[in-house]
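Some notes on the structure that comes next.
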Amino acid sequence: IMQVLSQLPGPASFWKHFNFLLETPRESRKCTQISQLIAQKGRDWGYETIVDPHGNVLIRKPASAGFEGRPWVCIQSHMDMVCEKEATSNHDFAKDPIVPRIVDDKLMATGTTLGADNGVGVALGLMVLEDRTLRHGPLEVLFTVDEEIGLVGAMQMPAGMLRSRRLINIDSEEDWRICIGCAGGFDATMTMPLATCPEGRMPFEVLVSLSGLQGGHSGCEIHKGQANAIQLLGRILLHTLDGTTLGYRPMGPATPAHPAAAFQLLGLCGGTKRNAIPVACTARLALPADPAAREAVLVALRASYEAVAAEFASLEPTMHLRVAHMGAAPDAAFALLVAPRKGAANMAPISPVAALPAPLSAEAALRYLRAMAVVPHGVLRMSPDVAGLVETSINWAKASLPAAGSPHETAAQFEFLARSSCNSQQGLVYDQLAALSNLLGARLSEPINWHNGWLPNPQSALLTTAKRIYAEVTHKEYEVYAIHAGLECGVIGEKYEGMDSISVGPTVKDVHTPKEALYYRSLPGFCTYLLRLLEELQ
């Protein structure tokens, strides 16, 4: 790994620490090892090192000679990473190192996320701690756990842990921009009890898979309008089962696009991460014994797919629908139905889906698919004050039938991540989910990991200094912005009155996907800027 990294520009110390992060497992909820190793580095360097009960690590580095009278400054990043891989990858994030590769001006991983979000910030913090030649006031370097699953480490961090009232978060991903505000958010789970019908089970089981979607970060990329695989497959199945209109609806009574096609619903699974737009969803169906009836289902599925695929021709060029028979001796007509766009040659095997003990009743299947038709996803409100900024959104992150963790009832689950930079709008989204749950005969969990947004302060003294140093180093002006995603600045700032925060970083793109890339030419300049900022802060 180091042979690849040693070719790249920037401080050798940074790449040494980034190599350490590539070799160390650090998936969210599994940060014990990385937390212990970073804490040991702090002790080995002779610094005061604190590990809180949740695994957050705080290392204090004394001021350089002559800088002792300056106030404390905190550099902050998170240790965990989103672990996503290509469908054909055999990578085991619990033990395998991330394998880097250089592609033009990008450092990427091989078939997986790179973990530059937020390994870059962690490596920069370690670099600053190790180098005793740097000039700066007293420093606190904070490494948090489980940011990617709801800013959990920052929320659990004990109040009073920090001495600093200035916070430099290194979890932004555009080196020419400085972030001064972010959205708040919460998670919620809707559970919908459903009836089954053990009699009259159809004999042919198939998997219907919609995959190959673009996906992306549910905050930073929600405004791009990419499709949600769960939402689309639900729509395709409803069109197939109910014979609903697919296109133009003339005046007068609606004419179905095709006759209803009979199937039974045995299971459905879509989405993997709360903060990732779902890229795949698979349903498990039972089809009739009659060949003509089975063929009618295939025809209806294809027609439904082609109708919705046309809407996303430019946004989802590699989306495809597949139907695979699950029997030991599949009927030739059901061996594989492919409705591909581009990239069909690289399609991965369809993932298995757990089945209910008995299929949903006809009424329950329709109720479930109609529920999927009205569940919200996407941008709910643009900011009335900041042009182009999403204020409020919701990501329909996961769907499961049968529901995970509901062994005593037949139920489906929908999982959501909502975001807003307006606290009252954030509350409204939860109230709307609660109202929808009531109408659907479902239950909604209490909001999970609720946190308010980080409100921008354009008059911030830290921001003023940061902008001045950036201009002196780069001869350009920083672009100041707020982001529709979660950053730990707001959560940490709420614990400390008067905390002045900014968020910066070198350029990283396509985070939370196997396309994640660190634009390595942005790193040397960012390092120069960060070290100069630490030296200049009064």
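All residue numbers in this chain count up from 1 along the given sequence.
Closest approach of Ile168 to Val504, counting heavy atoms only: CG2-CG2, 4.0 Å. Here the closest non-hydrogen pair linking Glu147 and Asp171 is OE2-OD2, 3.6 Å. Closest non-hydrogen pair, Arg367 versus Leu440, comes out as NH1-O, 2.8 Å. Looking at every heavy atom in both residues, Leu210 comes nearest to Leu232 through CD2-CB, 3.5 Å. Residue Ile230 comes nearest to Met372 through the heavy atom pair O-CE, 3.5 Å, listed as atom of the first residue, atom of the second, then distance. Gln264 and Met202 make their closest contact through OE1-N, 2.8 Å (heavy atoms, listed as atom of the first residue, atom of the second, distance).
Rounded to the nearest 0.5 angstrom, Ser77 OG and Glu488 CD are separated by 8.0 Å. Taken from CG in Asp80 to CG in Asp117, the straight-line distance is 8.5 Å, to the nearest 0.5 Å. Summarising the geometry, atom NE2 belonging to His484 is positioned 7.0 Å from atom OG belonging to Ser420; distances are rounded to the nearest 0.5 Å. Of the inter-residue distances, the one linking Leu151 atom CG with Leu487 atom CG reads 8.0 Å to the nearest 0.5 angstrom. We find the CG-OG1 distance between Leu444 and Thr191 to be 8.5 Å, quoted to the nearest 0.5 Å. Put simply, CG on Leu321 and CG on Leu233 are 7.5 Å apart, with the number rounded to the nearest 0.5 Å.
Between Ile483 and Leu389, every side-chain heavy-atom pair lies at or beyond the 4.5 Å cut-off. Between Leu463 and Asn457 the shortest side-chain heavy-atom distance does not fall below 4.5 Å. Side-chain contact between Pro376 and Gln432 is absent, with no heavy-atom pair separated by less than 4.5 Å. Under the 4.5 Å side-chain criterion, counting only non-hydrogen atoms from C-beta, Glu86 is not in contact with Thr112. For the pair Leu285/Leu265, a side-chain contact is recorded, criterion being any heavy-atom separation below 4.5 Å from C-beta on. Counting heavy atoms from C-beta on, the side chains of Val152 and Asn449 come closer than 4.5 Å. Put simply, the side chain of Leu268 reaches to within 4.5 Å of the side chain of Cys281, judged on heavy atoms. In this structure the side chain of Gln226 never reaches within 4.5 angstrom of the side chain of Leu213, judged on heavy atoms.
Classification of Lys85 and Glu27 as a salt-bridged pair fails, no side-chain N sitting under 4.0 Å from a carboxylate O.
Judged by distance alone, with hydrogens and angles left aside, the side-chain atoms of Asn228 form a donor-acceptor pair with the main-chain N or O of Trp396 at under 3.5 Å. Between the Ser361 side chain and the Cys197 main chain, no donor and acceptor come within less than 3.5 Å of each other. A donor-acceptor pair under 3.5 Å links the side-chain atoms of Tyr496 to the main chain of Leu162, judged by distance alone. The main-chain N or O of Met157 is found under 3.5 Å from a side-chain atom of Lys495 such that the two form a donor-acceptor pair. Side chain of Arg26 to backbone of Met79: a donor-acceptor contact under 3.5 angstrom is found. Looking at Glu391, its side chain never comes within 3.5 Å of a backbone N or O of Pro384 through a donor-acceptor pair. In this structure a side-chain-to-backbone donor-acceptor pair under 3.5 Å is missing from Glu148 to Met81. A donor-acceptor distance shorter than 3.5 angstrom exists from the side chain of Asn118 to the backbone of Ile170, with no hydrogens or angles considered. At distances below 3.5 Å, at least one donor-acceptor pair connects side-chain atoms of Glu316 with backbone N or O atoms of Gln214. Although no hydrogens or angles enter the test, the distance criterion places no donor-acceptor pair under 3.5 Å between the side chain of Asn275 and the main chain of Ile149.
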Should Ile34 and Leu21 be marked as a side chain to side chain contact (heavy atoms under 4.5 Å, CB included) after you check the CA-CA gap, both sets of side-chain angles, and the distance that decides it?
-> CA-CA 8 Å; Ile34 187 68; Leu21 294 165; 3.8 Å; yes
Apply side chain to side chain contact (heavy atoms under 4.5 Å, CB included) to Lys30 and Phe93, showing your working.
-> CA-CA 10 Å; Lys30 301 175 182 178; Phe93 285 102; over 6 Å; no
Kindly determine whether Val323 and Leu298 satisfy side chain to side chain contact (heavy atoms under 4.5 Å, CB included), including the steps that lead there.
-> CA-CA 8 Å; Val323 181; Leu298 289 180; 4.1 Å; yes
Between Val51 and Ser35, is a side chain to side chain contact (heavy atoms under 4.5 Å, CB included) present by the stated rule, with each step listed?
-> CA-CA 8 Å; Val51 182; Ser35 173; 4.1 Å; yes
Please assess His78 against Asp146 for the test side-chain hydrogen bond (donor to acceptor under 3.5 Å, both in side chains), listing each intermediate value before the final yes or no.
-> CA-CA 7 Å; His78 64 85; Asp146 295 343; over 6 Å; no
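Atom CZ of Arg201 is surrounded by more than 12 heavy atoms from other residues, nucleotides or ligands within 6.0 Å.
In this view, Tyr478 and Tyr470, Tyr529 satisfy the ring pair (Phe, Tyr, Trp, His ring centres under 6.0 Å) rule, not counting sequence neighbours.
Using cut-offs of 30° and 60° for the angle between ring planes, the Phe414 and Tyr368 rings count as parallel. The aromatic rings of His325 and Phe204 sit perpendicular, their planes meeting at an angle over 60°, well past the 30° parallel limit.
Thr189 and Ser445 share no side-chain donor-acceptor pair at under 3.5 Å. Residues Trp450 and Asn452 bring a donor and an acceptor atom of their side chains to less than 3.5 Å of each other.
No option in Arg419, His512, Arg274 other than Arg419 meets the side-chain hydrogen bond (donor to acceptor under 3.5 Å, both in side chains) test with Ser218.
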